[in-house]
Amino acid sequence: MNDAARADALLTWFAAAQRSLPWRQTPPDPYATLVSELMLQQTRVDTVVPYFHRWMARWPDLASLAAATLDEVRAAWTGLGYYNRARNLHRAAQAVVARHGGQLPADPAALAALPGVGPYTLGAVRSIGFGQPAALVDGNVARVLSRWFALDAPPASGAGRRALWARAESLLQVPAARAAPSEWNQGLMELGALVCTPKAPLCDRCPVAPWCLALAQGRVAELPTRTPKKRATPVAAAYLLLVRDGAVWCGQRPERGRWAGLWEPPAAEGPDAHAALARTLPMIHDASALPPLTHTLTHRRYTVTPYLLDLQREPPDLSPLGYTASRWVSPDEAAAASSGLSRLAQKLVATISAR
DNA sequence: AACGCGGGGAG
DNA sequence: CTCCCAGCGTT
């Protein structure tokens, strides 16, 4: 039968071709699975690996993570992006300690109730962490299944999402897949990462090419259907770098929103950023403007003008700008992986020592 | 359903 | 440059 042969082909390929990744352990560790899956949300494997090693060395279990402070947790996340994930993981650890005795629950409803655990992560923790026959759909699986079955609905659409999850559930009913849900799901994702890539997929090396409808129809390049994406919004911003003894005066951003809880030199956005900053920090009029630099996020493209001032007096109060705390940050500290500064702020502080 | 949320690697 | 990555929470 088609389904059985295809399942065998993928599982055989995965057994031989899978990458050696630190969270692929036998026996599986549900906590390690949770950590890796939170880190891997919208983030590539190669980026996550060093963060995962540092994380597991520092917090080897949920109890130790729950006992850490949010600032420590967030500092360990510095550079990974999507910082709300760090907050979610920390809160999840505290919830597991409070409600489940420090052991991750195997019950799907209890898992789904944890912060940061959505449909994908639920399927991943269930199948990879606990060996349960649970389906999952991520960006890789969406691409693989869209091609296998020549699905025309955009994966991001409601209809596309429903179709993909239905296929994923259905495939998992094949006995070989159901007997090895961890390997099956990881095999689908590994195939998407290594063979069934977004551009220039390696169809001549694909273990399931004989069963690929898109390949048979010559439509591999046009599937999955792409959804038109929004352009990044241009944003102007001004940062005031107040320097004393080589250190820079930084504030901690609020818990909500962009770069939540991270540190940066005081800043304002918009065409009137300089004026807005001057209302709270009038000393900016004595500062010298440095050459602008750009920093691109997924949805925003920043053009930042840094203003530099050697400060002899006491540093100003930053709370009127919305910062919840403030401290001096040395260039060495800012450059460290666990500085708690956004990448943009790290760039800015680096411009000072480069002068 | 639509939007906000980082940063980096590949082509 | 563009695209997109082991997505989720909020509105």
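In what follows, chains carry the letters A, B, and so on, assigned in the order in which the sequence lines appear, proteins first and then strands, with residues in each chain numbered from 1.
- Within 4.0 Å of Val117(A), counting heavy atoms only, lie sugar-phosphate atoms of the nucleic acid but no base atom.
- Where Leu21(A) and Gly116(A) each meet DNA chain C at their nearest nucleotide, the meeting point lying more 5' is that of Leu21(A).
- Here Arg87(A) lies out of heavy-atom contact (under 4.0 Å) with every strand.
- Note: CZ (Arg162(A)) to P (dA1(B)) measures 6 Å, nearest angstrom.
- Rounding to whole angstrom units, CD of residue Gln346(A) and P of dG7(B) are separated by 8 Å.
- At a threshold of 4.0 angstrom between heavy atoms, the contacts of Thr43(A) include nucleobase atoms, whether or not backbone atoms are also involved.
- No donor-acceptor contact under 3.5 Å links the side chain of Tyr120(A) to the base of dG7(C).
- Applying the 4.0 Å criterion to OP1 and OP2 of dG4(B), one finds that Arg300(A) has every side-chain N and O outside that range.
- Among the nucleotides dT10(C), dA6(C), dG7(B), the one closest to any side-chain atom of Asp138(A) is dA6(C).
- Among the heavy atoms of the strands lying under 4.0 Å from Gly118(A) are primed sugar atoms or P, OP1, OP2 only; no base atom is included.
- On the P atoms, dG4(B) is 24 Å away from dA6(C), given to the nearest whole Å.
- Between Arg44(A) and dA6(C), a side-chain N or O to OP1/OP2 separation shorter than 4.0 Å is absent.
- As rounded to whole Å, 9 Å separates atom P of dC8(C) from atom CD of Gln42(A).
- Of the listed nucleotides (dA6(C), dG7(B), dG6(B)), dA6(C) has the atom at the smallest distance from the side chain of Trp23(A).
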From CA spacing to verdict: side chain to side chain contact (heavy atoms under 4.5 Å, CB included), Trp55(A), Trp77(A)
CA-CA 9 Å; Trp55(A) 192 281; Trp77(A) 205 272; 3.5 Å; yes
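- Between Arg301(A) and dC1(C) there is a side-chain polar atom (N or O) within less than 4.0 angstrom of OP1 or OP2.
- Between the base of dG6(B) and the side chain of Thr296(A) there is no donor-acceptor pair shorter than 3.5 Å.
- Taking 3.5 Å as the limit, the base of dG6(B) and the side chain of Thr298(A) contain a donor-acceptor pair of atoms between them.
- In this structure, Trp77(A) reaches neither bases nor backbone, as no heavy-atom distance under 4.0 Å exists between it and the strands shown.
- Of the candidate nucleotides dG4(B), dC4(C), dC3(C), dC4(C) has the atom nearest to the side chain of Pro198(A).
- Residue-to-nucleotide proximity on DNA chain C shows that, of Arg91(A) and Arg19(A), the 5′-proximal contact is made by Arg19(A).
- Look at the P atom in both dT10(C) and dG6(B): the space between them is 15 Å, to the nearest Å.
- For Arg226(A) and dC4(C), the shortest distance from a side-chain N or O to OP1 or OP2 is below 4.0 Å.
- Counting any heavy atom pair closer than 4.0 Å across all strands shown, Leu38(A) reaches no nucleic acid atom.
- Looking at heavy-atom distances under 4.0 Å, Leu89(A) makes no contact with the nucleic acid at all.
- If you check every strand for non-hydrogen atoms under 4.0 Å, Gly79(A) touches sugar and phosphate atoms only.
- Backbone-only engagement by Thr121(A) is indicated by non-hydrogen atom pairs under 4.0 Å involving sugar-phosphate atoms exclusively.
- The side chain to side chain donor-acceptor pair (under 3.5 Å) test with Thr121(A) is passed by exactly one of Arg126(A), Glu37(A), Gln41(A): Gln41(A).
- Not one side-chain nitrogen or oxygen of Asn84(A) sits closer than 4.0 Å to the OP1 or OP2 atom of dC5(B).
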